[in-house]
K.L.:
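Structure incoming, see below.
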Amino acid sequence: MSLLPQKNRRNQRHLVLYVSVQYHIYGYHNPIPVIPKIHGFPHKPGVQAVLQQTICSLCREGKAVYARVYSGEKLCRKCFIKTFEKRVLRTIARYRLLRRDDRIAVAVSGGKDSLSLLQVMKKIESSFPTAQVFAVTVDEGIEGYRDEALTLVEQAAVKLGVPLVKTSFKEVYGVSLSEMLSSTAFQRSGLAACSICGPLRRKAINVAAKKAGATVVATAHTLDDIVQTYMLKALRGELGSSEVGLRSDGPALPRVAPFRLTPEREVVFYAYLTGVPFQSIVCPNASNSMRSSVRKFLTEFEEKHPGSLFAALKSFERAHATEGKNLQLCKVCGEPTSRETCRVCELLKTIQPTP
Ligand SMILES: [Zn+2]
Ligand SMILES: [Zn+2]
């Protein structure tokens, strides 16, 4: 940090934003070429030039601060925020993600995506006068990392006036993630930390949300995340098994993604513009998973061919429309799954010490 030409606080803010974008879009393990590019966002030269001179293409008044490369729009701060929030509402309506009388549990990790979602959901709660929004967060028990995130979640809940439900791996599974990871059974399993943590978090959130009377869980998965998940399913031969981030009928608590049509970089920019805090501590278990390779590929492809993520989503949705869904309930824990025993129960079996 000390190498930077810190002329003023703005540069500092740009730096934080830039690092976050790199960090959240390209993954944890890419070297971050911060110094030559701290001025302006996005950092593509053409876009940067545009942003310095252009007025907003919507209101024709404000100074453009963001260029939507895939649509050609250049937006001022006010119009960016307005269109961002409108798109979330449109997404909810288009896919019928929420109902008027829902009790919506927003899954909040403390990352900028989920804090942004909580903020947007609270704002649009007024469009659903009989619906209620509350936050659910899970403490995995990752020493040194979770504390900051939990503090951010608590602060956001207070600031927005949203009730907060907390749960933990310890409460749901009897052991913390750190304890699971240090077991010999885990070390012998050859599994990556994230491949355990992800499914276990998902289930813990579901359990706590259900207990608190939720009728639906809203997650902060962005367009990028959703396309990555479909892509991963395709690479594993599981495409068509179940849809990602859409409401499905059945006994399971539905999980919906109101950011389904919102690119990750726009969530980052929204967070930046509206003062949503960014985490400063990296998860110590973050690893180069299959998802990182898919994310890297898709992000680079989108950079070169803007609009590809939207096109990919459309294709995956079409593929699903022709394939049937076959969700059933896990024979061990009763949670929804596309197989006999759910992924969490399989994982728990793998990492449990043999008696
Ligand atoms: Zn404008
Ligand atoms: Zn299960």
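Model, not experiment: these values are computed from the prediction. Atoms within a ligand are numbered from 1 in the order they appear, just like the ligands themselves.
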K.L.:
Calculate the angle formed at the Zn ion (ligand 2) by SG in C342 and SG in C333; 10° precision is enough.
P.N.:
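That angle is 110°.
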K.L.:
May I ask you to check whether S116 and D113 show a side-chain donor-acceptor distance below 3.5 Å?
P.N.:
no
K.L.:
Give a rough value, rounded to 10 degrees, for the angle at the Zn ion (ligand 1) between atoms SG of C59 and SG of C76.
P.N.:
110°
K.L.:
For the atoms SG of C330 and SG of C345, give the angle they form at the Zn ion (ligand 2), rounded to 10 degrees.
P.N.:
110°
K.L.:
Judged by modelled atom types alone, do T83 and R68 share a side-chain donor-acceptor pair under 3.5 Å?
P.N.:
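Distance-only check passes for T83 and R68.
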K.L.:
Taking the Zn ion (ligand 1) as the vertex, how big is the angle to SG in C79 and SG in C56, rounded to 10°?
P.N.:
100°
K.L.:
Does Q187, at its CD atom, have more than 12 non-hydrogen atoms belonging to other residues, nucleotides or ligands within less than 6.0 Å?
P.N.:
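Yes, CD of Q187 has more than 12 neighbouring heavy atoms, counting only those of other groups under 6.0 Å.
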K.L.:
Can you label the angle between the F80 ring and the Y66 ring as parallel, tilted or perpendicular, going by 30° and 60°?
P.N.:
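Geometry flag for Y66 against F80: tilted rings.
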